[in-house]
Amino acid sequence: MTEELNRHQIRTSAFQTLFAMNANPEADRHVIYQQLLGDDDGVTADVPAYLEQLVVGVLDKQDELDGQIKKYLTTGWTLQRIAKTDLVILRIAFYELDYQPDIPKRVAVNEALELAKQFSDDRSRRFINGVLSHEIEPEK
């Protein structure tokens, strides 16, 4: 029996799944879930509903999410220039900001920054913070 994942662990797994699928669009997300969540005994892991919701949501809304991200890129920057890790983190954050009204905006931003700390570097974290800070300012 697998232990229940918290929301941060689910976001981490969503990031890893989406990053793998970005690298290999033909990959089966269910196989990736099992690689991430399954144990060494080959027992099939339960996939948390929020993990599936995040991954499918980001994939389904990717064009809209990318449009949101593009609004905050400075002249000369394109989505193709953004590090893949940063792009996946931003997509997850914008998905939560736009499509998960039960998640406070500051939580979505803080979680994105935590993912950047874990999977990227300080420069990327500052970039992600700069992009997302535009989204939470009206809430002050």
Side-chain angles (χ1 to χ4, degrees):
M1 186 175 119
T2 52
E3 61 186 79
E4 191 139 334
L5 299 178
N6 64 38
R7 282 276 172 112
H8 177 72
Q9 292 166 319
I10 289 171
R11 286 181 186 94
T12 300
S13 295
F15 167 81
Q16 291 169 314
T17 302
L18 290 163
F19 187 81
M21 292 180 76
N22 189 290
N24 178 8
E26 303 302 310
D28 181 335
R29 73 178 183 273
H30 299 287
V31 172
I32 298 169
Y33 292 156
Q34 292 309 313
Q35 290 170 338
L36 291 171
L37 304 173
D39 59 26
D40 296 332
D41 300 332
V43 176
T44 301
D46 293 331
V47 176
Y50 193 59
L51 174 56
E52 178 74 358
Q53 185 181 353
L54 265 181
V55 170
V56 171
V58 168
L59 292 172
D60 287 350
K61 305 286 186 191
Q62 187 166 307
D63 289 342
E64 293 166 44
L65 299 171
D66 287 354
Q68 288 280 90
I69 296 164
K70 280 182 197 171
K71 288 194 303 192
Y72 300 110
L73 298 181
T74 56
T75 307
W77 274 87
T78 61
L79 289 176
Q80 291 71 30
R81 282 188 66 193
I82 298 174
K84 296 300 175 225
T85 50
D86 300 351
L87 185 57
V88 172
I89 291 168
L90 284 168
R91 285 173 178 160
I92 292 169
F94 274 103
Y95 177 78
E96 287 193 319
L97 289 167
D98 293 346
Y99 299 101
Q100 296 297 316
D102 61 314
I103 295 176
K105 288 181 184 261
R106 290 200 182 283
V107 170
V109 171
N110 286 338
E111 285 292 331
L113 295 176
E114 286 300 315
L115 287 172
K117 256 190 232 174
Q118 190 174 352
F119 295 104
S120 213
D121 59 22
D122 276 349
R123 211 165 124 217
S124 290
R125 196 170 53 79
R126 285 193 299 274
F127 168 73
I128 289 167
N129 189 43
V131 170
L132 295 176
S133 66
H134 296 288
E135 283 295 301
I136 60 171
E137 285 182 3
E139 219 177 47
K140 286 183 180 177

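Note that the numbering runs from 1 along the sequence shown for the chain.
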At what distance, to the nearest 0.5 angstrom, does [atom1] of [X] lie from [atom2] of [Y]?
{"X": "Gln16", "Y": "Gln118", "atom1": "CD", "atom2": "CD", "result": "7.0 Å"}
{"X": "Asp63", "Y": "Lys70", "atom1": "CG", "atom2": "NZ", "result": "8.0 Å"}
{"X": "Ile69", "Y": "Trp77", "atom1": "CD1", "atom2": "CH2", "result": "13.0 Å"}
{"X": "Ile92", "Y": "Gln100", "atom1": "CD1", "atom2": "CD", "result": "12.0 Å"}
{"X": "Ile82", "Y": "Ile128", "atom1": "CD1", "atom2": "CD1", "result": "9.0 Å"}
{"X": "Leu59", "Y": "Tyr95", "atom1": "CG", "atom2": "OH", "result": "10.5 Å"}

What are the two closest heavy atoms between [X] and [Y], and how far apart are they?
{"X": "Val55", "Y": "Arg29", "answer": "CG1-CD, 3.8 Å"}
{"X": "Ala20", "Y": "Ile32", "answer": "CB-CD1, 3.8 Å"}
{"X": "Tyr99", "Y": "Leu65", "answer": "CE1-CD2, 4.1 Å"}
{"X": "Glu4", "Y": "Gln9", "answer": "O-OE1, 4.2 Å"}
{"X": "Asp86", "Y": "Ser120", "answer": "OD1-OG, 2.9 Å"}
{"X": "Leu37", "Y": "Asp46", "answer": "CD1-O, 4.0 Å"}

Within the structure provided, determine whether [X] and [Y] are in side-chain contact (heavy-atom separation under 4.5 Å).
{"X": "Phe94", "Y": "Val58", "value": "no"}
{"X": "Tyr33", "Y": "Glu52", "value": "yes"}
{"X": "Glu64", "Y": "Asp98", "value": "no"}
{"X": "Leu5", "Y": "Tyr50", "value": "no"}
{"X": "Arg91", "Y": "Leu87", "value": "yes"}
{"X": "Phe15", "Y": "Leu54", "value": "no"}
{"X": "Thr12", "Y": "His8", "value": "yes"}
{"X": "Arg11", "Y": "Glu96", "value": "yes"}

Should [X] and [Y] be counted in the same cluster of Ile, Leu, Val, Met, Phe, Trp and Tyr side chains packed under 4.5 Å apart?
{"X": "Met21", "Y": "Val31", "value": "no"}
{"X": "Ile10", "Y": "Val56", "value": "no"}
{"X": "Phe119", "Y": "Leu79", "value": "yes"}

**Request:** Could you go through the side-chain contact (heavy atoms from CB on, under 4.5 Å) check for Leu73 and Arg81 one step at a time?
**Result:** CA-CA 10 Å; Leu73 298 181; Arg81 282 188 66 193; over 6 Å; no

